[in-house]
Structures are given as structure tokens and as C-alpha cells.
J.: 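Take this structure first; my questions come after.
These values consider heavy atoms only, across backbone and side chains, with no hydrogens, waters or symmetry-generated copies. FYI, the numbering just counts along the sequence from 1. All of these numbers come straight from a predicted model, not from anything done at the bench.
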Amino acid sequence: MAEPGAVLRTYLLLVWTWTRAAAQYPVSLVLLGLATAVVGALDLAGIALLYANAPRIAGFTVAEVVFLYGTATTSFGLADLALGTTERLGRHIREGSLDAMLVRPVSPLVQIATEDFSPRRLGKLVPALGALALSLPALEVSWTPGRVAMVPAMIVTGAVLFGGLWVLTAAVQFVLIDVHAATKSVTYGGAFLTQYPMTVFARDFVRGVTFVIPLAFVNWQPTLYVLDRPDPLGLPAALRFAAPVAAAAVCAAAALAWRTGLRHYRSTGS
């Protein structure tokens, strides 16, 4: 098994190679990046429309929901940038191109994760970071050192959690090849629902995204700590600090699923 440092260096080398290729067409790169930022900002525009005639929704102010949007979208954007193309695994299995990846001296996960890497995907982070810049000063929060530290911590752990979900849902395609669209309900769907307070969803649904697919730990539980809000489900306050545990559990499940899938993979013969 390759050392983590060597894997990271290979990953960065492939990212740089794809970035140099994309930079050969600078005008196209800039325009695509701007288009990505504009599309990403549509969700933020939707939040603004919701609050056009209501000061609070589900007990949350517009600044608080924009904060949720900013943290969730930043985490998702970082994970998508790093591992989003792993969702192409099913296509590689169907076309037989995964066989070629397996004989190369580079992890197939690294090869798929860096495939067609383009800096234009950084455009997703523009509205997210803008939302954070607008919402943080507007929050009615007593900024203790713990709350200040929680903001970058939840973004990092959220990105790790989303990254684990990307790999986990990709590994499902070793068994169910044509589930690409279904897996998006976990990744892209998860990104969408974490933009809003969990109080807008049914209690059983919130339990599901807390204890089954732990999307509540992307930013909801940490945000309850930052805003000093009680948990609507009456869950222990310690869960507000459990995001690293949830992220580690998802990553462990993703690593196990990926390795199991590779171990049992049989060539298509093409």
C-alpha cells in the first residue's frame, strides 16, 4: 500500500496537470467559472425570496439561514472539488476503462478523483464565501473563542464528511452500476438540505439524517452551538461537538466499501 504522502503528491501532480491543460483556454475557463458562481448563487437568491415577506422561518432569521447556506455550500464545494468526479465510477466500469486504471501504478481512486479537474469548480465557493462574509457580522451571537473556532472547524469536518459520502456512494456502483442519479440524492441532495434549518423537516427525517446518513453533523449540530439554540429533538448537547466522529465514521465506511468493491471487481473484458 502506498504511503499517504506519496498518494497526496500524486494527487496534487495530477491536479496540476489537469489545471495546466484547462489554463490553455483562459477565456473559456473564466467564463465557465463565472457561470458556476452564478448558478451556485441561485440557491442564495431563493433564500432571499423566502425572507422577502417573513422575518423568521422555522424560528431562524435570514442571517442565520444564510450562515447555514454558507457553511454547507463551502464544505460541499471543497469536497466536490477534491472528490466529486468519483461519481463517474459506474461509467468507467461500463466502458471497461477502470481495467486500464487498475494496471497503472496510481490508485484508481486518485485517478478518478482528479479526472478532468478544472479550477472553474472553484466558482461554487464564491457565493458560499460571500454568504459567510455577509452573515457572520449579522449574527446575534456572543463570540466566545469556542464559537469562533467552531466555524472553520465545521467547514473542514463538513468537507471531510461530504468527501466520505462521495466515495461511499461511488463504491455502491461496484454493485449497482446504474445508480448514478440515485446517489446524487445523497450528495447533491445532502448539500441542498443542509442549507436550511432542520426545523423545517419532519422529526423522523431529522433523526434519519442524524443517525443513519449523518448530514446533520455537516453544519446543523455545530450551528446549534454557535447560535446557542436548543436541539429540537432534545438530543444531548455533546452531539454538537460530534462532527469529527461522524466524519471519521463515514470515511471509514467509505474506505471499507471502496476496498471491498475493488477486491471483488471482475473485469468487463472490454
J.: Of all the heavy-atom pairs spanning Ile155 and Ser75, show the shortest one and how long it is.
T.: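 Nearest heavy atoms, Ile155 then Ser75: O-OG, 2.9 Å.
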J.: Looking only at non-hydrogen atoms, find the nearest pair between Leu193 and Met198 and report the distance.
T.: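 So the minimum-distance heavy-atom pair works out to CD1-CE, 3.4 Å.
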J.: Taking C-beta and beyond as the side chain, do Thr210 and Phe217 meet within less than 4.5 Å on heavy atoms?
T.: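 With C-beta onward as the side chain, the pair touches.
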J.: Donor-acceptor pair, Arg120 side chain versus Leu32 backbone, under 3.5 Å?
T.: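 It does not hold such a pair.
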J.: Find out whether Val66 and Val62 are in side-chain contact, i.e. whether some heavy atom of one side chain is under 4.5 Å from a heavy atom of the other.
T.: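 They are in side-chain contact.
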J.: Tell me if a side-chain donor or acceptor on Thr36 pairs with a main-chain N or O of Lys124 at a distance below 3.5 Å.
T.: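 Checked: no pair found.
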J.: Please tell me if the side chains of Val156 and Leu78 come closer than 4.5 Å, counting only heavy atoms from C-beta onward.
T.: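 Of all side-chain heavy-atom pairs linking Leu78 with Val156, none is under 4.5 Å.
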J.: With no hydrogens and no angle check, is any side-chain donor or acceptor of Glu64 less than 3.5 Å from a backbone partner on Leu139?
T.: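 Judged by distance alone, no pair lies under 3.5 Å.
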J.: If we only count heavy atoms from C-beta on, is the Thr61 to Phe67 side-chain gap below 4.5 Å?
T.: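 No, side chains not in contact.
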J.: Between side-chain atoms of residues 22-30 and protein atoms elsewhere (two or more places apart, or another chain), which donor-acceptor pairs fall under 3.5 Å?
T.:
from	atom 1	to	atom 2	distance (Å)
Gln24	NE2	Arg20	O	3.1

J.: Whether the side chain of Thr86 engages the backbone of Leu83 through a donor-acceptor N/O pair (distance < 3.5 Å, no angle test) should be reported.
T.: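 Flag set: sc Thr86 to bb Leu83 pair under 3.5 Å.
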J.: Does a side-chain heavy-atom distance below 4.5 Å link Asp228 with Val141?
T.: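 Answer no - side chains too far apart.
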J.: What heavy-atom pair brings Pro197 and Ile57 nearest, and what distance separates the two atoms?
T.: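 Where Pro197 meets Ile57 most closely, the heavy atoms are CG-O, 4.5 Å.
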J.: Under 6.0 Å between the ring centres of Tyr188 and Phe76?
T.: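 Between Phe76 and Tyr188, which both carry aromatic rings, the centre distance is below 6.0 Å.
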J.: Taking NZ, NE, NH1 and NH2 as the nitrogens, is one of them in Arg91 or Glu115 under 4.0 Å from a carboxylate oxygen of the other?
T.: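 Yes, this pair counts.
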J.: Is there a donor-acceptor pair closer than 3.5 Å between any side-chain N or O of Gln221 and the backbone N or O of Ala242?
T.: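 Here the side-chain-to-backbone pair does not exist.
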J.: Is there a donor-acceptor pair closer than 3.5 Å between any side-chain N or O of Arg147 and the backbone N or O of Ser142?
T.: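 Between the backbone of Ser142 and the side chain of Arg147 there is a qualifying donor-acceptor contact (under 3.5 Å).
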J.: Are Asp80 and Phe162 packed together at the side-chain level, in the sense that at least one heavy-atom pair is separated by less than 4.5 angstrom?
T.: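 A side-chain contact under 4.5 Å is absent here.
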J.: Using a distance-only test with no angle check, is there a side-chain donor-acceptor pair under 3.5 angstrom linking Gln195 and Asn219?
T.: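 No, because no side-chain N or O of Gln195 sits under 3.5 Å from a partner of the opposite role on Asn219.
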J.: Under 3.5 Å, side chain of Gln111 to main-chain N/O of Met101, donor-acceptor pair present?
T.: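 Here the side-chain-to-backbone pair exists.
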J.: Could you state the interatomic distance from OG1 (Thr74) to CG (Leu132), rounded to the nearest 0.5 Å?
T.: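 The CG atom of Leu132 is 4.5 Å from OG1 of Thr74, to the nearest 0.5 Å.
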J.: Using modelled atom types only, decide if a donor and an acceptor are shared between the side chain of Thr169 and the backbone of Trp166 within a distance under 3.5 Å.
T.: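 Flag set: sc Thr169 to bb Trp166 pair under 3.5 Å.
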J.: For Ala159 and Ala79, work out which heavy atoms get closest and say how close.
T.: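 That closest heavy-atom pairing would be O-CB, 3.4 Å.
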J.: Between Phe117 and Trp16, is the ring centroid distance below 6.0 Å?
T.: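 Ring centres of Trp16 and Phe117 not closer than 6.0 Å.
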J.: Would you tell me whether Asp231 and Tyr225 have side-chain atoms, one donor and one acceptor, within less than 3.5 Å of each other?
T.: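 Note: Asp231 and Tyr225 side chains miss the donor-acceptor criterion.
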J.: Does any non-hydrogen side-chain atom of Phe205 lie less than 4.5 Å from one of Val200?
T.: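 Not touching, per the 4.5 Å side-chain cut-off.
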J.: What are the two closest non-hydrogen atoms of Thr157 and Pro244, and how far apart are they?
T.: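 Here Thr157 and Pro244 meet closest at CG2-CG, 4.0 Å.
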J.: Is the shortest distance from a Lys or Arg side-chain nitrogen in Asp116 or Arg88 to a carboxylate oxygen in the other one below 4.0 Å?
T.: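 Salt bridge: yes.
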J.: Between Arg203 and Pro232 (side chain of the first, backbone of the second, donor and acceptor by atom type, cut-off under 3.5 Å), is there such a pair?
T.: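 Yes, Arg203 side chain to Pro232 backbone: donor-acceptor pair under 3.5 Å.
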J.: Are Met154 and Val226 close enough that some pair of their side-chain heavy atoms sits under 4.5 Å apart?
T.: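 Yes; the side chains approach each other to less than 4.5 Å.
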J.: Donor-acceptor check, side chain of Tyr11 to backbone of Ala82, threshold 3.5 angstrom: yes or no?
T.: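 Side chain of Tyr11 to backbone of Ala82: a pair is present.
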J.: May I ask you to check whether Trp220 and Phe60 place their ring centres under 6.0 Å from each other?
T.: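 Ring centres of Trp220 and Phe60 closer than 6.0 Å.
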J.: Where is the tightest heavy-atom contact between Gly190 and Leu215, given as atom of each residue plus distance?
T.: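 Looks like CA-CD1, 3.6 Å.
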